Each structure stands twice: as C-alpha cells, then as structure tokens.
Amino acid sequence: MATADSDVVTASVGGLSGTSLGTAKTDDYSITVTKYQEYDTAIYVADITVSSAEIIKTALADDTYGKNITAYTSTIASENQAVLAINGDYYGAQESGYVIRNGVAYRETSDGEDILVLYADGSMKVLDSDDVTVQELLDQGVWQAWSFGPGLLSDGEVTVGENTEVSRAMNSNPRTAIGQIDDNHYVFVVSDGRTDESEGLSLYELAEFMENLGCRTAYNLDGGGSSTMYFNGSVVNNPTTNGRIKERAVSDIVYIV
C-alpha cells in the first residue's frame with residue numbers, strides 16, 4: 001500500500017517552480033505530483049520513479065476492448081485501485097493504430113503515424129508504426145504501445161514545429177502526455193485549458209515544457225476534454241467538456257497502483 005503526503009510545498013524540477021500536490025511511495029515506486037503555471041496554463045506533472053516499467057499499467061473502460069466502450073478516467077482508476085492515473089490514447093475512437101496493453105496486442109493495424117512504445121526493460125521510444133509490426137514489437141518486449149501522437153521529443157530534441165497540430169484540434173488545448181527522463185524515471189503531464197484561468201498549450205509549448213522537465217522522450221496522448229489526472233482518490237486538474245468543468249468518458253487509462 002502506498003503512503004501518501006499531501007502537504008503543499010514549493011517544488012522545482014528542471015528549472016521550473018511549482019506547488020507540490022502530494023507524494024505517494026511504496027517499495028516499487030515514488031510519485032510526486034506538482035502543479036506548475038506556465039504559458040498562462042495550469043500544468044500538472046506526476047514525477048514517477050519505478051522499480052520496473054511493468055509498474056506502469058493500462059486499463060480499459062469496463063475492462064473490455066472495443067469501440068464505444070467508455071468511462072471516466074476517475075471511474076476506471078477507482079475500479080483498478082489506482083493511486084495515479086491519466087487518460088490514455090482513446091483507442092476506441094479510431095479504426096487503426098497499434099494497441100498493446102500490459103503486454104497483450106489488441107489491434108495490429110498501422111495508422112502510419114507515430115506510436116509510443118514502453119519496453120519491459122524500462123526504455124521508451126517514439127516509432128513510425130509503418131516501420132515495425134505488432135509482432136515485432138511483442139518479440140522486442142514491448143509492454144505498452146499507444147497510438148495518438150505526435151511524438152514530442154526524441155533523444156532530448158523537440159520533434160514538432162511551432163505550427164504542428166493534431167487534426168481538428170485548437171492550437172491552445174488541454175493536453176495529456178507521457179515522457180521519460182531516465183531509466184525507470186517518467187513523467188505524466190496534464191494541462192488544463194479552454195477556461196479564463198487556463199489558456200491551454202500548443203503542441204510546441206507542450207514539447208518545450210517536457211524538454212524543460214528533462215525528458216529525453218515525450219509523446220502526446222488524447223487531449224481536449226479527455227485530459228484528466230487522478231491522484232490519491234480524486235481528480236486534481238480541471239477537465240473541460242462542452243464548456244463545463246467535467247470529465248469526458250474515455251476508452252482507457254494509464255495508471256499506477
């Protein structure tokens with residue numbers, strides 16, 4: 001069982017200063033959640049160190065793979081006894097794109113876009129899905145694979161331009177991303193947006209922020225109304241759906257017990 005500390009203190013990572021929202025520790029992981037204010041946007045960062053990459057798990061809504069099967073991030077998190085969770089790639093909204101969850105392949109059709117793979121050995125890479133098959137990924141020991149994108153950082157270098165954007169998305173948006181700082185050292189990042197208090201981030205701003213955190217690899221997950229971070233029993237950010245502060249139901253989450 002995790003021990004938690006919710007004392008509010010000032011925290012600093014990668015030259016950025018923020019407010020700590022709490023910590024959780026077990027023999028297998030250490031988590032610190034910090035709220036930053038950058039780019040006129042509230043950004044929530046879970047700094048995570050794990051004993052094994054397999055501590056980072058994924059779960060499907062209703063524990064079922066398929067289209068139009070959704071639930072709130074907080075609901076899926078609670079059902080899986082998660083200490084920390086963020087929304088995933090909303091695989092159910094797409095007809096293609098690799099889906100590997102907890103070492104199991106659910107979809108093997110490439111969408112020709114960037115994928116993020118997390119290997120059981122703790123390494124993380126952004127790959128072109130046309131360059132590799134799902135079976136090859138499984139043979140290489142991939143533990144998780146997400147299909148949304150684009151990749152934000154590779155080898156510590158920003159890989160998106162100032163005008164790069166997800167199709168049909170606004171430039172300033174709530175965002176969700178995952179990054180790797182070092183071996184078995186990761187960050188989950190969620191930003192608010194679409195409110196007077198929090199403008200939201202462009203993909204380039206998100207990439208810059210992840211770079212400032214010290215990430216060497218980073219990847220954009222489903223954003224907008226999906227962007228949600230759950231920690232120690234409650235949602236810590238302000239998800240926006242149809243102009244209201246409210247969670248949007250999603251297909252899947254990334255979490256730690």
Side-chain angles (χ1 to χ4, degrees), residues 4 6 18-22 24 31-39 41-48 56-63 68-94 101 116 144 146-149 152 166 169-170 172-179 186-195 197-201 203 205-206 209-210 213 218-257:
S6 58
T19 302
S20 175
L21 300 184
I31 301 168
T32 299
V33 176
T34 304
K35 179 181 178 182
Y36 298 92
Q37 190 71 29
E38 301 287 337
Y39 307 100
T41 299
I43 310 173
Y44 305 79
V45 177
D47 187 287
I48 306 157
I56 298 177
K57 301 181 184 296
T58 49
L60 310 178
D62 292 342
D63 197 26
N68 302 318
I69 302 172
T70 62
Y72 294 141
T73 293
S74 60
T75 300
I76 308 172
S78 178
E79 289 173 348
N80 286 276
Q81 294 80 50
V83 170
L84 171 71
I86 56 173
N87 62 288
D89 63 7
Y90 209 145
Y91 74 85
Q94 309 296 330
R101 302 297 150 86
L116 179 69
Q144 312 286 359
W146 296 277
S147 297
F148 197 90
L152 302 170
V166 178
M170 297 184 296
S172 295
N173 238 337
R175 303 285 182 181
T176 301
I178 295 181
Y186 309 92
V187 288
F188 293 175
V189 175
V190 168
S191 78
D192 289 339
R194 302 177 181 172
T195 69
E197 294 77 23
S198 190
E199 181 177 323
L201 301 175
L203 284 177
E205 288 170 339
L206 178 60
F209 182 79
M210 303 288 278
L213 289 175
Y219 184 84
N220 181 59
L221 291 172
D222 185 26
S226 299
S227 290
T228 306
M229 181 178 287
Y230 172 97
F231 182 58
N232 280 338
S234 62
V235 174
V236 298
N237 72 308
N238 294 291
T240 52
T241 301
N242 298 324
R244 299 170 56 202
I245 305 300
K246 184 176 186 240
E247 284 187 76
R248 178 167 75 187
V250 297
S251 296
D252 56 306
I253 66 168
V254 189
Y255 75 101
I256 293 174
V257 176

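Quantities reported herein were computed from a predicted structural model and do not represent experimental measurements. Residue numbers count from 1 along this sequence.
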| field | Derivation of the side-chain contact (heavy atoms from CB on, under 4.5 Å) call for V83 and V257 | value | CA-CA 5 Å; V83 170; V257 176; 5.7 Å; no

| task | Please report the C-alpha distance between I69 and D62 in whole Å, then the side-chain angles of each, then the deciding distance to 0.1 Å, and finally whether the side-chain contact (heavy atoms from CB on, under 4.5 Å) criterion is met. | result | CA-CA 7 Å; I69 302 172; D62 292 342; 3.8 Å; yes

| request: Would you please test F188 and V45 for side-chain contact (heavy atoms from CB on, under 4.5 Å) and show each step? | output: CA-CA 6 Å; F188 293 175; V45 177; over 6 Å; no

| request: Step by step, work out the side-chain contact (heavy atoms from CB on, under 4.5 Å) result for Y219 and M210. | output: CA-CA 9 Å; Y219 184 84; M210 303 288 278; over 6 Å; no

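By the ring-ring contact (aromatic ring centres under 6.0 Å, His included) test, F209 pairs with Y36, sequence neighbours left out. With sequence neighbours left out, the ring-ring contact (aromatic ring centres under 6.0 Å, His included) criterion links Y230 to no other residue. Every residue two or more places apart in sequence or in another chain was checked for a salt bridge (charged side-chain N to carboxylate O under 4.0 Å, His left out) with D192, and none qualifies.
Under a 3.5 Å cut-off, the side chain of D252 and the backbone N or O of Y90 do form a donor-acceptor pair. Formation of a donor-acceptor pair under 3.5 Å by the T70 side chain with backbone atoms of A249 is not found in this model. Listed for the T32 side chain is no donor-acceptor partner under 3.5 Å among the backbone atoms of D47. The closest donor-acceptor contact from the side chain of D222 to the backbone of G88 lies at 3.5 Å or more, if one exists at all. Put simply, the side chain of Q144 gets close to the backbone of I56: a donor and an acceptor are under 3.5 Å apart. Side chain of S191 to main chain of I43: no donor-acceptor pair is present (N/O by atom type, distance under 3.5 Å, no hydrogens or angles). T228 places a side-chain N or O within 3.5 Å of a backbone atom of S226 that can act as its donor or acceptor partner.
In terms of heavy atoms, G92 sits closest to S251 at N-OG, 3.3 Å. A pairwise comparison of heavy atoms in L206 and A177 identifies CD2-CB, 4.0 Å as the closest pair. Heavy-atom minimum distance, A61 versus V250: CB-O, 3.7 Å. Closest non-hydrogen pair, R248 versus G224, comes out as NH2-C, 4.3 Å. For the residue pair Q37 and E197, the shortest heavy atom distance occurs at NE2-O, 4.0 Å. P239 approaches G225 most closely through the heavy-atom pair CB-O, 4.3 Å.
Atoms OH and NZ, on Y44 and K35 in that order, are 4.0 Å from each other to the nearest 0.5 Å. Note that CG of L201 is 9.5 Å distant from CD of E38, once rounded to the nearest 0.5 Å. How far CD1 of I48 is from CD1 of I256: 4.0 Å, rounded to the nearest 0.5 Å. From Y39, atom OH reaches atom CD of E199 across 12.0 Å, with rounding to the nearest 0.5 Å. We find the CZ-OG1 distance between R244 and T241 to be 8.5 Å, quoted to the nearest 0.5 Å.
Using a 4.5 Å heavy-atom threshold, the side chains of S78 and I76 count as separate. For the pair Y91/R101, a side-chain contact is recorded, criterion being any heavy-atom separation below 4.5 Å from C-beta on. Between I178 and L116 there is a side-chain heavy-atom pair separated by less than 4.5 Å. Counting heavy atoms from C-beta on, the side chains of I31 and F231 come closer than 4.5 Å. Within the 4.5 Å cutoff, side-chain heavy atoms of T195 are placed close to those of T240. For the pair L203 and N220, the minimum side-chain heavy-atom distance is below 4.5 Å. Contact annotation: the side chain of V33 approaches that of M229 to within less than 4.5 Å [non-hydrogen atoms, C-beta and beyond]. Side-chain atoms of R175 and V190, non-hydrogen and from C-beta on, never get closer than 4.5 Å to each other.
A side-chain N or O of N87 and one of T176 form a donor-acceptor pair less than 3.5 Å apart. Side chains of N173 and R194: a donor-acceptor N/O pair is present below 3.5 angstrom, by distance only. Between the side chains of S74 and E247, at least one donor N or O sits under 3.5 Å from an acceptor N or O.
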